[in-house]
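What follows is a set of notes on a single structure, which appears directly below.
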Amino acid sequence: MSEPTDLTEFRREKMQNIADMGRDPWGQRFDGRTPIADIRALPAAKFDDAGPSGPKVRAAGRVVRHRTGGKLHFLELWDQTGRVQLMARINKLSPEDWKLLECLDLGDIIGVDGEFGTTKTGEPTIQVEQLTFLTKSLEPHPKDVYGLGDMEYRLRHRYLDMIYTPDTLRRAQQRVKIIRTVRNYLDERGYLEVETPTLHAIAGGAAARPFETHHNALDIDLFLRIALELPLKRLLVGGLEKVYEIGRVFRNEGISPRHNPEFTMLELYEAYGDLFSIMDLTEGLIVACVDSLGGGRALPCVSRQCVPVVSMRTCSANTLAVPGDAEGVQAAAAAAGLRLELRDDKTGTVTTKEHDVLVHELFEHRVEPQLAKSDQPIFVYDYPAALCPLTKRKRENPALAERFELYVHGMELANAYTELNDPITQEATFRRQLVGMSEEDSMAKMDEDFIRALRYGMPPAGGLGIGMDRLVMLLTNTTSIRDVILFPLLRPEKA
RNA sequence: GAAGGCGUAGCUCAGCUGGUAGAGCAGCGGACUUUUAAUCCGCUGGUCGUGGGUUCGAUCCCCACCGCCUUCACCA
């Protein structure tokens, strides 16, 4: 990548010096080390050459600081659990190890054996007695005290970001905890985790542009999945009563602080449930995730009483003061600066937007910003049915769908339905969606097999989708999805 | 896809209506056995994102391109 500079030349020289001493610059197996966090938890007394010695420890890690002196060096050793100071005194080391010490650069990986204790100033420290060289770092490391400022640099050198931006590693570890908590929570309640295909012949289950690919042997075009929904519902037909999948989905759309082209989704289906049983589950699940990180429940996401359940209609009416009739909505939409017409760029056709679409746009433009101001998580329900093709309609009002979304700090965190299991209605909504769809979107073809599966009979069910990346963002208090995805998509560097 | 901002040493950043670049840290040499942003003395380090243009002269002004960031659009 970068051309050799003087800085790397010096490191190469030192690598050669190490090899000339008969040490391996690339190291060997190193058994019996203790994680630095565990070492720091040991009882530590002040070093005393005359008195009894402290516990002998072995640690391995990366040198992230060093303060050299004539016959006394201080270093800092870093591993994934933390940092600890090393003290190297010339009279405690063999002459060979002292020579090796003088070949160390920032970023080298070493193993140490020594006594654990504290220095004069009380700093927990390993007094090094034996030094094992494990890996030479040939690239100059950033000086960590100022941190890494440039986001592009951090993303293109994520490995350095993990070492020198403590939050990056911490969040990666918290992400693991959260996902494991979700699995445990669901497993304990009898949900089966399954894996369904990533390559789909028809990209269904959501309305997003898919990535396209091609299978050579079958000579067919395939799509990376945009949702997990349709295969999982087939499993409900097949008799699995509680299923979930945590998997990567791919959407060929814009990149933003809340969107990455590939992201991790939880989808879950529960036979004989509905959106309210799912609401309970969602709360329990998220609370379990909050608790898994320790640090208490900073978010008021504890019980149903604390979580307002807001109807989209009520919400719209309160915030916008419009009646539920079509004229009122149109007037409010116009006042909000929304376009009332829909133009198809390909055909040039101009059509009036449907009432339901306008309600939804009003919601997004006028109500969502209000939700963002709320400290409380909010379940929003009573979505216009036209916006929810996979959702069962309310029996008492078929214009509304049995769907809720959970908003936290204005971010859509979860999306749930009472699932539509009526194949006749399902086919009709699919057909309605496909009418007038542009050529570009025609890959969202009717999934005939899914309809067929419904005709065989899918039990009434509740379903849930949670964007895991956004959940991690929420629980780790970050505002960019790039902070919770270790390798977000970037344009490749030029050669 | 649109608008705005940014790109200077290994890292973090200065650089004044245009006179071919500075600091701290890192690095190199030296001193130092209790430092922890160690300190002290000396030194090195740059195709100022890339390519054009204007100008006697461009890091600075103009154009194009590349990359990142922010907002918007897309994302039922």
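In what follows, chains are A, B, ... by sequence order, proteins preceding strands, each numbered from 1.
Of the candidates B:rA76, B:rC68, B:rC11, the closest approach to any side-chain atom of A:E152 belongs to B:rC68. Each of B:rC11, B:rC75, B:rU70 was ranked by its minimum atom distance to the side chain of A:H259; first place goes to B:rC75. The side chain of A:P142 lies closest to B:rC11, out of B:rU35, B:rC11, B:rA37. Taking every side-chain heavy atom of A:L390 into account, B:rA76 is the closest of B:rU35, B:rA76, B:rC69. Here B:rU34 is the nucleotide among B:rC68, B:rU34, B:rC11 with the atom lying nearest to any side-chain atom of A:M87.
Using P as the reference atom, B:rG24 and B:rU39 are 12 Å apart when rounded to the nearest Å. Nucleotides B:rG7 and B:rC62, compared at atom P, are 14 Å apart to the nearest Å. Comparing B:rA21 with B:rC16, their C1' atoms are spaced 14 Å from each other, to the whole Å. For the P atoms, the distance linking B:rU47 with B:rC65 amounts to 25 Å, nearest Å. Nucleotides B:rG53 and B:rA58 place their P atoms 11 Å apart, quoted to the nearest Å. A gap of 24 Å separates the P atoms of B:rA2 and B:rC61, to the nearest Å. Taking atom C1' in both B:rC60 and B:rG15, the straight-line distance is 10 Å, to the nearest Å. Here, B:rA37 and B:rC75 have their C1' atoms 45 Å apart, quoted to the whole Å.
Using a 4.0 Å heavy-atom distance criterion, A:P389 is classed as a base contact. Using a 4.0 Å heavy-atom criterion, one finds that A:Y153 contacts the sugar-phosphate atoms exclusively. Within 4.0 Å of A:R482, counting heavy atoms only, lie sugar-phosphate atoms of the nucleic acid but no base atom. Note on A:R258: nothing from the nucleic acid sits closer than 4.0 angstrom, heavy atoms only.
A:D108 and A:S137 share no side-chain donor-acceptor pair at under 3.5 Å.
Within 6.0 Å of CG in A:D221 there are more than 12 heavy atoms belonging to other residues, nucleotides or ligands.
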Legend entry - Reading 5' to 3' through nucleotides 26-33 of chain B, protein heavy-atom contacts under 4.0 Å coded B for base, S for sugar-phosphate only, - for none: SSS---BB

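Atom P of nucleotide B:rG1 and atom CD1 of A:I255 are separated by 11 Å, given to the nearest angstrom. As rounded to whole Å, 17 Å separates atom C1' of B:rC69 from atom CD1 of A:I481. Per the geometry, CZ belonging to A:R156 stands 18 Å off C1' belonging to B:rG10, to the nearest Å. Here B:rC75 presents its P atom at 14 Å from CD of A:E405, a figure rounded to the nearest Å. Straight-line distance from the CG atom of A:N260 to the C1' atom of B:rC75: 13 Å, rounded to whole Å.
Nearest heavy-atom pair across A:E267 and A:L228 is OE2-N, 3.0 Å. For A:L104 against A:L75, the heavy-atom pair with the smallest separation is CD1-CD2, 3.8 Å.
Atom CD1 of A:I466 sits about 8.0 Å away from atom CG of A:L406, to the nearest 0.5 Å.
Residue pairs meeting the ring pair (Phe, Tyr, Trp, His ring centres under 6.0 Å) criterion with at least one partner in residues 65-95 of chain A, sequence neighbours excluded, are A:H73-A:W98.
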Inset, instruction - Let me see the working for A:L490 and A:R156 under side-chain contact (heavy atoms from CB on, under 4.5 Å), right down to the final yes or no. - result: CA-CA 8 Å; A:L490 285 187; A:R156 293 199 191 279; 3.7 Å; yes

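A cation-pi geometry, defined here as NZ or CZ lying under 6.0 Å from the six-membered ring centre and within 45° of its normal, does not hold between A:R403 and A:Y417.
In this structure, B:rG22 forms a base pair with B:rC13, meeting either the Watson-Crick or the G-U wobble geometry with both donor-acceptor distances under 3.5 Å. Base-pair partner of B:rC68: B:rG5 (Watson-Crick or G-U wobble, both distances under 3.5 Å). Base pairing of B:rG51 is made with B:rC63, judged by Watson-Crick or G-U wobble geometry with both donor-acceptor distances under 3.5 Å. The partner of B:rA31 is B:rU39, judged by Watson-Crick or G-U wobble contacts that both fall below 3.5 Å.
Scanning atom types as modelled, one donor and one acceptor separated by under 3.5 angstrom connect the side chain of A:Q85 and the base of B:rU35.
Below 30°, between 30° and 60°, or above 60°: for A:F450 and A:F430 the angle between ring planes is between 30° and 60°, a tilted geometry.
If A:L490 and A:A207 are placed on RNA chain B by their nearest nucleotide, the residue sitting closer to the 5' end is A:L490.
Checking the phosphate oxygens (OP1, OP2) of B:rA38, a side-chain nitrogen or oxygen of A:R67 falls inside 4.0 Å.
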